[in-house]
Amino acid sequence: MAGGGYSFGDAVNGVTFTKDGRWLFSDHNTGLLLWDTRNARVVARRGGDNVMRPWLLPDQRTLITGGRQGPRRWPLVWHGHDEPPEIGE
């Protein structure tokens, strides 16, 4: 597997970047991935089929996704520029 454990056979349904371009959220048939764009590695995952079309709110503290059961809010907790955010439930 390349890219930190991501199988490149998985469909990518949507992506969104942080304002500075450092972090990338992508959604797939198997859930949500958070990528470190400096080294193209997956640093966090959230599973489930209710994850489509990620959208990062302007304050970058909330990620919104769509899905079969409607929209979902994912709270993000940042600990610094060089640390990935914690993705809440």
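Taken together through direct or relayed side-chain contacts under 4.5 Å among Ile, Leu, Val, Met, Phe, Trp and Tyr, Leu33 and Val12 form part of one hydrophobic cluster.
Looking at heavy atoms from C-beta onward, Pro85 lies out of side-chain contact with Trp74 at the 4.5 angstrom threshold. Using a 4.5 Å heavy-atom threshold, the side chains of Phe25 and Ile87 count as touching. In this structure, Leu34 and Arg45 have side chains that are not in contact, with every pair of non-hydrogen atoms separated by 4.5 Å or more.
For Arg61, the CZ atom sits in a loose shell: 12 or fewer heavy atoms of surrounding residues, nucleotides or ligands are nearer than 6.0 Å.
Panel note: side chain Asp36, backbone Arg41; no donor-acceptor pair is recorded below 3.5 Å. No donor-acceptor pair closer than 3.5 Å links the side chain of Thr62 to the backbone N or O of Leu57. Ser26 places no side-chain N or O within donor-acceptor distance of the main-chain N or O of Val15, the cut-off being under 3.5 Å. Proximity of a side-chain donor or acceptor of Trp78 to a complementary backbone N or O of Gln60 within less than 3.5 Å is detected.
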**Prompt:** Could you walk me through whether Arg72 and Glu89 pass the salt bridge (Lys or Arg N to Asp or Glu O under 4.0 Å) check?
**Reply:** CA-CA 9 Å; Arg72 181 170 180 181; Glu89 292 295 325; 3.3 Å; yes
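Among residue pairs with one or both ends in residues 11-20, none qualify as salt bridge (charged side-chain N to carboxylate O under 4.0 Å, His left out); sequence neighbours excluded.
Nearest heavy atom pair, residue Pro54 against residue Thr16, reads O-CB, 3.7 Å. Taking every heavy atom of both residues into account, Phe17 and Thr37 meet most closely at CE2-CG2, 4.0 Å.
Between the CG atom of Leu56 and the CH2 atom of Trp23 there is a distance of 13.0 Å, given to the nearest 0.5 Å. Remark: Leu63 CG to Arg73 CZ distance equals 10.5 Å, nearest 0.5 Å.
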